[in-house]
Structures are given as C-alpha cells and as structure tokens.
Protein chains: 2
Amino acid sequence: MEGTMKCSANYIPLSPISFLERSAIVYGDYTSVVYGDLKYTWKETRERCVRLASALAQLGISGGDVVAALAPNIPALYELHFGVPMAGAILCPLNVRYDSVMVSILLRNSDAKVIFVDYQLLHVANGAFELLSKLKAKLPFMVVIQEVSKPTANDNIKNSKVVFGNLEYENLLKTGKPGFEVRKPKDETDPISISYTSGTTGSPKGVVYNHRGAYLNALAEILHNAMSPKSVYLWTVPMFHCNGWCLPWGMAALGGTNVCLRNVSAKTIYENLSRHNVTHMGGAPTILNMIVNASAAERKPLNSKVEVMTGGAPPPPNVLLKMEELSFGVTHSYGMTEVYGPGTFCSWKPEWDSLPPNEKAKIKSRQGLHHVLMEELAVKDPVTMKSVPSDGETMGEVMFRGNTVMCGYLKNLKATKEVFNGGWYRTGDIGVRHSDGYISLKDRSKDIVVCDGKNVSTIEVESVLFYHPAILEAAVVGRPDDHLGETPCAFVKLKEGFNANAEDIIRYCRENLASYMAPRTVVFEDLPKTSTGKTQKYVLRERAEAMGSLTKKMRSKI
Amino acid sequence: MEGTMKCSANYIPLSPISFLERSAIVYGDYTSVVYGDLKYTWKETRERCVRLASALAQLGISGGDVVAALAPNIPALYELHFGVPMAGAILCPLNVRYDSVMVSILLRNSDAKVIFVDYQLLHVANGAFELLSKLKAKLPFMVVIQEVSKPTANDNIKNSKVVFGNLEYENLLKTGKPGFEVRKPKDETDPISISYTSGTTGSPKGVVYNHRGAYLNALAEILHNAMSPKSVYLWTVPMFHCNGWCLPWGMAALGGTNVCLRNVSAKTIYENLSRHNVTHMGGAPTILNMIVNASAAERKPLNSKVEVMTGGAPPPPNVLLKMEELSFGVTHSYGMTEVYGPGTFCSWKPEWDSLPPNEKAKIKSRQGLHHVLMEELAVKDPVTMKSVPSDGETMGEVMFRGNTVMCGYLKNLKATKEVFNGGWYRTGDIGVRHSDGYISLKDRSKDIVVCDGKNVSTIEVESVLFYHPAILEAAVVGRPDDHLGETPCAFVKLKEGFNANAEDIIRYCRENLASYMAPRTVVFEDLPKTSTGKTQKYVLRERAEAMGSLTKKMRSKI
C-alpha cells in the first residue's frame, strides 16, 4: 500500500526467544525456575540461556544444527528450550524411557551435533555411543548434566569434574559469554525443535516445529488456562513430550514460575504442590490417577485450587469426579505431537454448572473445540472430505488446520504428504460432532474393533470399565476371531485389595453397554505404558493376536 | 528442512477474521453484542458480518478497496470491523467530531469506495459530498445506518426507507448472502484498516494496520487485561480511534460480550455498567474524570469490580486514587495510533501493595513496559540511538519495534521513513527509564518547555496542578519570553463551586515544584479537546503565542 514499508521497526519474525528477552526486563527479579532448594530469577535464566547459546556457538553449533537432550524435567532442560534456539539451533529432546538402541537410531536420524545427558541417563547415552561407534558414525559432543545441588554425590560419574571438564553443563555455561549476540530466526517458519512421537504406534517419527507455531501455541496455552504472571506451574508433563505442550515458552511469556520435578510420583506431586503454592499443572490421566489414588501419607493439604490440564487420552469420568472432590479443577484437552500438544480444549460452559456430577464428568471427558490460535477443527469423511453432521453419532476422522500444526516429519516427506493429504492434518482419530459443536473421540481409526460388522468404540467400553469399583486401569483392543472378525478384549489392572473375575467384569459390561460391545475376553495384568503415561495399545494388540481366535465353545460359555 | 512442507494444513495467514469464525462455533449462542434492548449472539454476528461482506462484494468492492465509516460505537461499526475485511477490503473509521471539510479531505485521501454513515452524522457526510461534487471528485456509495430500534423516529431522515432503499444498513445486509465465501487475506501483512491520527498535531495522517498486527495486538489486549469468555466490555473508547485499541477483534477472540454505547456520559456509563454487569472498559483520563465527578443522581451501584484500561494521556494520580476508592481497578497503558493503541502496560507488582495510596497512584501513572506481543521498547538518544541509563532522570526519546507497529502513513512515504529512521518507530515522546525498567513520560518532544535553558516537563507541572483542590483540568504549554526563551503557562478549568486565582495557583506550584518549573501565567478556561479526550495542546500553544512575551514587570510581580 502506498506510503507503507516493511522494516525492522514493524516486522519481527515471531519466536519464543522474545518472551524470555521481555521477561528478563519486565519480571527480572521474579522467580523463573524452582527445583528443590534451587531458585533462579528471570534475569538469571536469561543470562544462563545466553551463556548456553554462546557456549554452543563456541562448540561450532550454527544455524540449523540439531542439539539433542536426554533429561527429565530439570532446570537444564528448561534452559535448553531457549539456549539452543538462541544459538540458531534446533532442540531435539528425547524420551527418557528410550533405550540405547533407540537413542542411537534417533541421534542418527536427527543428525544431532551435541547431546545433553542427565547423569542418571548416562548409561543409556554411553550405550548409544558404543552402537554408533561400531557403525563408524560420527559421534556428537556429549555434555553431562549433574545434579546441581550435589554434583559429587553421584555414583554414576565419580570424579566427574576431572573427566568431563567443559563438557559438564555448569562448566560449559561458564565458558559462554553473557554478551553473546542472540541469533534470532531470519524466518519465523525456521525450525525450533524436533519431537519424536511417543511410540504408541511403535516407530517414532521426528515431528518438526517452527518458531511461529511455538510462539502461537505458547500463547494459546496460557490464554486457555487463564494463567497470569502469578501462576506457578508444576512440571509433571515431560518437557520432551511436544516440548511440554509448549509451556516452557508459555511460562516465559507470562513471567510466571516453573517448578521443575525430576521424579513424578504421588508423593513428589503433593510435596511440590504444597511447598511452592502451585496454581497449575498438567498430565495424562495416569497423573490424575496418581493424585486420586495417593495414600493418606502421601497427601498434603493444598493452599489453593490447582488447575490441571489433562490430555494424551480421554480422562475417565470417575477419575474426573474424584479430582473435583479433592478440589482440583480439571480441563481436558486433546491433541498430539503433530499439533504442538493440545489442539482442542473442552472449555466449560456455565449452563453445565447445574448438571449432576456424573453428567458433568461425562461432558468434561469430551474433546471439545479447537483453541483460539488453531485455525480449524473438522470431523470429516476421510474419502469424500465432507464434514459429518453435528448429530453426535456419525463418525468421521478428526482433522486440524492451522499455524500450530507441525511442519512435517523429519526426512519423511512421504509420511508428511500422507497426513497432509487434502490440505488438512489427518489425525487418524475417529470422532463425532455434537449439536453444540464439541467433538468426542470414539477411537483411533486403527483401535476401533469391528465385531460382526459392527464398530465398537474401545473408548466407550473403557469408560464403563473404569466405573467398575475394583478396576484401576483398563484398555480394550480387538482379538482376532474366525467367525466374528474381531471381538473386544479387555486388559485390566485391579486396585490393590480388590477382587473380580472375568465373568464379573463381562457381566458388568453387558449391564452397562449394548451386548455386542461387551468384552468377550478379560486379561488381568499391568498395562504397558509410554513414558507420557499413554497405554501402548499396539503391545496389547500383539498379545491379543497371539492369543488367537476365541473358540466357539468359549464364546458360547460367556 | 527435509521432510517438511508448507501448505494449507500448517500455514494460515494471521487475521482477526479467524476469531469471529471460531467464536461463531465455540460461543455460538453466547451474547456477542448488546445495545440497549438489542442483543445478538456470536452466530448472529458472524452471519450479519458475512452478509455485509457479501453485500459489499455485490456493490463492487474488491480486494484492497477502502470502506469508510462515520459512526459512534453502535453495533454496525462493530460489524464493519469484520464485514469489511471479510470482503477483502480495508476499513477506515473516521472520527465522529470531524466536520464536512475534514471528512471530504479524508475520503479523497483514502480513496474510499463506500462510506457508512450514522443517521446523526448525515449532515456531515452530506456536506462532505457537496464539497467533493464541487471538486468533480468521484463520490463513494453512501450507506446510512439508522437507529435499529426506532428507524422511523428519526428527524434527520424522514421516509428513509423510500429514499435509501438498499443503501440503508439493515436493507443492505438483507441483500447479502449468508453463504458468501469469506475473502481471507492472501498475505497476513495485507492492510486491514486505516486510522487517521486524532489530531493533536493538527493534520491527521492515515495510519495503516495489517491483519497480522491486528491479530497480535488483539491477543495482547486480552492477555494483559486478564479477560475471559465471561468478560463484558463497555465501549467507551471510540472504535474509530486505533480501531478501539483492537478490542473489536479481541472480544471476538474471547467470545465475550460487547456493550455498545452511542453517547458517552457519566449517566450512560453507570447505567450500562450496572445493567449489563460490565467487567471491563477503557478510556482516556477524561472518562475517568467523568466517573469520579459523577453526581449522586448519575451514579449506580456496581455489581462487581470494573477493570478500566486508561490511556491517551497519563492519568493524574488523584483521579486514580478516587477511582480505586469507587472500587474500579485501573491499569494505565501508553501508546498511540501508530502502535495499534496501547504499546505498554504499567503492570502492577505485588511488592507495591504495601505502599501508601499516594505512592501507588504515582507508580500507576507511569507508562510501564511493552506488552508481550510488542518486541521492544527503548528510551534512546534520538541522534546517537544509544539507550539512556536506567536512572529515572536521563531523558531520551521513547521508541518501539515490533509486529504491532503500523505499516506506515498512507500515501506519505516521507513521513513513514522519518518515523522509522534507524529501524525503530520514533514516538516523539520524551521519557526516562527507572531502575526497574519501567518508563515514565516526561513530555512530547514538542511540548517540553525550555525556560532559561532548563527543561520543564509539562506533565510534571500538570500532575501538581491536578492535586490542587479547586482544579478540575489543567494543561501547561510554553509562552514565548524575550528574556527566558519560554515560560510555563497553565490553562486551568476549575471545579464547579470552587474558586482560586492565578496567584494562589502559582504559589501552590512553587510550594510543590522547583521554582523554575512553576507556571508564570495562569489562564482560566475550558480546555480544547480531541474527540478521544486528549487536550489539543497545539491550540493552547497558539493562544500562548498570541499572548506574546511576559513583560519584565509582570514577571517580577509574581
């Protein structure tokens, strides 16, 4: 337009680096990060991140290089979320449950130049390095992160100061210059991180995020959770998982406080909630389970209501009920690594306040609607791409489009093109849309059980199982059947001190579900989980397949 | 990066149009706009805006065309903020205080193809059209907006239905198609609006905003004011002024409620606050003055605390004090048309809670720090571009850079280049930076009075004058002086029923200020104001110049 111009005064590539730069000015003396007795201010966090960026540059890291990390939710991993992008590089935080084989594969896939390793995971990284050496692959620099408060009390790495020298995290930071000129992205669609998918499908894919998406998703998170500079966030969601739903960046935008947490358990959660006056936290339903099933000895009184964002799997209604009773507020969000974590929020509407608690919990376990910075959410026929009617019944594939959808899968354009086919991100989840616009998931398209030609939503069966008084955890998959194609098979973990047999549970399901949906087989065992607390259904599916077809005789018996 | 791709699934140009699209789904049945007895839901507002866009397209409006508006804060002006961009066009809301001459100039400058005119301002628009006709300029279409609730009780436009036909707002909407395909911007830096500066400097310049800046600034507003979908916003800030600080778009992002208001007075403010359970409002200090000086008959009890964003001029500390007493929360923000309205917020810090009320009010009247989506704020020497020290004393020019800085001045590249010289937007305001980073304005660079070689901050003198019990409003400018160069000259309006003479006021100032800062002349009169409530200092400066030099004799007397 005549008279206008684009210049550094009015156009700056969006990047979460800006959030930290601002918080160091606006909230300079406020607490940024707490970890046990350790405390940093925003001014200090910025300085540490700039030193980190400078040190990385001195190690030869330049624009577009990948820096990996293998660490739990400790301050160093928080700092890497800024220090790495400030060096112009791309952060690749790895799942702490991976073994050496997987780590070696992902280091090669990501072509990481440096890896930061927490001292407790050193054996995993060393194992990966050995494998890489055998393959004559180039090894990245390894920087070891010791426990800041007690670096010498560490069995894994005796005499570490001598061994690691400047390749020890705190020493490395000291070599960095606080006056280093931060490298901001030239283009806001430059990559900022790679998150490998959590492994529910078996083979992790490297999901690439960019600065623009990270910036916008961080804002969406703080907006939807009504967070403020006074918010105190407990790190129960792993930062290696979708970059902790982008909240390392969101907390810097706010100038709030991060409470880091190495080991997540009922005890450590309650301890930290109480000690640091936590206002917000997040986690998969397993975390909610931990909270509601904590023993009296593990519990501590809360100073104020704690708002919990849950996601990763639909929270069972009865767990939601118990959370409310303990005066936690729960908001259910739904998403996946490909949409920077949460893509929808099941926002509460005042007209639901007067519903009975049971109904409330059911509504809360819906997936809701896309957040304010996600452009569109749709439930479509995956072939015709026509939206399903808002009748709460017709199933379709859930799809997203927006700036908080990933750039694609690293080095896997085929997979990228597949999920973006038709100009939408196809989640592979099957859902319905209700008359008020909210969506509910029915299943992963590959999880749905087709029994005698009828679709059985395993999520629906699982919610019923969760209401059974003896059941702690449950997952349903299809078991091959010569006659019916598949039959629902439930894997169940009972609560301590409770008893129930397969017949009891099947009868219970028949009383509460259409009979074709009730499981025909019940297996009692611990459920295999990803490190983010999701049940690994593909493992259960393999087991169910190994069981083979349910014989006619057995079927008639139950 | 290998494996990634940019497509419609993961890149959508940022535009506030998306906010309305989403609210129509997420908050479809919630109240979007209230105006007296009239109420719309978000679904209805979206449909009205789409019809408006469609009708504009049918009038021949296409991408990049300008659509002007001359209307107070009525629902139609709210709808134009979406309907015009949805037609691919650029909204140019004009100041309702402009006369026909100014309107004719700005219609030519903006090359508007359509103008929407409120029935009460028809005479202004008609006058402008006559002037344009005389110049043989092409006339835009004129669409008249009648009072929806009583279109026939309108003296200005009798038999309007007959006269205007489809060029009457509601009739025009009826011609629009609800299925019209909304025209979203191809590039997010495409212009969305033109706001003419409010005229404190005499000659309005057309400030161009783009979709990206409008989107981001809308988010900044709702974040800093901790607004939620439950927020109810009273429209006391004119929407023609920096697009109402981008809140027409921000309210759609929230799904909150807009309370429209044709006439702003103490009575209508209190009435609407009480009737609609307003939670937020905004306004220049004149609006705060209206509230605190309202008569007992005009006041109504508030149902809950009302958060007020004030800006446009530093709020006098004693007005802030009184607002708090009436249980309004006040946040001071500072900015200008060129930064989409507010560029800084004086965010409150908990450590200030224990200060005496007087000190609190002083801190609140600081300009604070840049908001989370503005990239940088600096106080710099305008020649060397070096930042001033954070000593609270050294003055420099306040400068901004970020995505919420305008694209430039319409058809005035020279002026654009001038204010962007050095890669920063130069505000022309003189300020200092305190040790905590917060800035305080000292003056507009052209307002500062240089008396006997010393800089007198007129803002400092004005804050002292505001504490005088008899003074309602005050403004200080320089009066030419043969010996001292300039002397401070105060224009003062007294409160009703109060008395004070020039000597009293000058003595009061000498007791509370360094004596060289005290006014040497005091003039009693109503202050000339822009329609946004800012004092027109250039008018007062002309008057002070007309008074000529203060004689030596007079000077010695006081």
Side-chain angles (χ1 to χ4, degrees), chain A residues 1-12 14 18-19 21-22 25-26 28-29 64 90 189 191 206 208 213 216 219 222-223 226 228-230 253-254 347 350 369-370 372-373 375-376 400-403 405-413 415-417 419-420 422-425 436-437, chain B residues 1-12 14 18-19 21-22 25-26 28-29 64 90 189 191 206 208 213 216 219 222-223 226 228-230 253-254 347 350 369-370 372-373 375-376 400-403 405-413 415-417 419-420 422-425 436-437:
Chain A
M1 196 160 205
E2 199 194 327
T4 68
M5 61 193 279
K6 192 171 164 182
C7 64
S8 69
N10 64 11
Y11 188 92
I12 313 273
L14 301 176
S18 304
F19 296 146
E21 296 287 7
R22 178 176 171 274
I25 298 169
V26 180
D29 297 330
I90 301 162
T189 63
V208 180
L216 295 173
L219 293 176
I222 62 178
L223 267 164
S228 80
K230 288 179 194 155
L254 281 174
S347 303
L369 280 163
H370 55 303
V372 60
L373 303 183
E375 193 70 14
E376 279 183 90
F400 287 102
R401 78 177 359 159
N403 294 297
V405 169
M406 65 162 181
C407 312
Y409 297 116
L410 182 65
K411 298 180 188 170
N412 195 346
L413 192 58
T416 303
K417 282 187 173 167
V419 292
F420 287 165
W424 288 78
Y425 165 60
D436 61 358
Chain B
M1 197 159 203
E2 198 195 327
T4 68
M5 62 192 278
K6 192 171 164 183
C7 65
S8 68
N10 64 10
Y11 188 93
I12 313 272
L14 302 175
S18 304
F19 297 146
E21 296 286 8
R22 178 176 171 274
I25 297 169
V26 180
D29 297 331
I90 302 163
T189 63
V208 180
L216 295 172
L219 293 177
I222 62 177
L223 268 165
S228 81
K230 288 179 194 155
L254 282 174
S347 302
L369 278 163
H370 54 303
V372 62
L373 302 184
E375 193 69 14
E376 278 183 273
F400 287 101
R401 78 174 3 157
N403 295 298
V405 169
M406 65 163 182
C407 312
Y409 296 117
L410 182 66
K411 298 179 187 167
N412 196 345
L413 193 59
T416 303
K417 282 187 170 165
V419 292
F420 287 165
W424 289 78
Y425 165 61
D436 62 0

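Computed from heavy atoms alone, side chains included, the values below leave out hydrogens, waters and symmetry copies. In what follows, chains are A, B, ... by sequence order, proteins preceding strands, each numbered from 1.
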query = Checking B:Y409 against chain A: side chain, backbone, both or neither under 4.5 Å from a heavy atom?
reply = backbone

ask   = So which part of B:P229 gets closer than 4.5 Å to some heavy atom of chain A, the side chain, the backbone, both or neither?
value = neither

Heavy-atom proximity to chain B below 4.5 Å, by part of A:V208 = side chain

task = Select one option (side chain, backbone, both, neither) describing which atoms of B:M5 are under 4.5 Å from chain A's heavy atoms.
result = both

query = For the residue pair A:M1 and B:P191, what are the closest heavy atoms and their distance?
reply = SD-CG, 3.6 Å

B:D436, part contacting chain A, at a heavy-atom distance under 4.5 Å = backbone

task = Examine whether an atom of B:L369 lies under 4.5 Å from a heavy atom of chain A, and if so say whether it belongs to the side chain, the backbone or both; otherwise answer neither.
result = side chain

task = Against chain A, label B:L219 side chain, backbone, both or neither, depending on which of its atoms sit under 4.5 Å from a heavy atom there.
result = side chain

key: Top of B:H370, B:E376, B:E21 for chain A proximity - count of heavy-atom pairs under 4.5 angstrom   = B:H370

inquiry  = Please rank A:L223, A:N412, A:L373 by heavy-atom pairs under 4.5 Å with chain B and give me the top one.
reply    = A:L373

ask   = Do the rings of A:Y425 and A:F420 sit parallel, tilted or perpendicular, given the 30° and 60° boundaries?
value = perpendicular

task = May I ask you to say whether B:E2 pairs ionically with A:K411, meaning some side-chain N is under 4.0 Å from a carboxylate O?
result = no

ask   = Checking B:L14 against chain A: side chain, backbone, both or neither under 4.5 Å from a heavy atom?
value = both

query = When heavy-atom pairs shorter than 4.5 Å are enumerated against chain B, which of A:L413, A:N10, A:V405, A:I222 gives the highest number?
reply = A:N10

Nearest non-hydrogen partners of B:T416 and B:C407, listed with the distance = CG2-O, 4.2 Å

inquiry  = Main chain of A:I12, side chain of B:N403: is a donor-acceptor contact present, judged purely on distance under 3.5 Å?
reply    = yes

ask   = chain B: which of A:G3, A:G423, A:A226 shares the most heavy-atom pairs with it under 4.5 Å?
value = A:G3

task = Can you tell which part of B:S228 gets under 4.5 Å to a heavy atom of chain A, answering side chain, backbone, both or neither?
result = neither

Contact winner vs chain B - A:A9, A:C7, A:G408, A:G206, heavy-atom pairs under 4.5 Å = A:A9

task = Examine whether an atom of B:V26 lies under 4.5 Å from a heavy atom of chain A, and if so say whether it belongs to the side chain, the backbone or both; otherwise answer neither.
result = both

inquiry  = For the interface with chain A, which of B:L216, B:L254, B:V372, B:D29 has the highest count of heavy-atom pairs at distances below 4.5 Å?
reply    = B:V372

note = Note: B:R401 and A:S8 closest approach over all heavy atoms is NH2-OG, 3.2 Å

key: Non-hydrogen atoms of A:A253 and A:R22 that approach each other most closely   = O-NH1, 3.9 Å

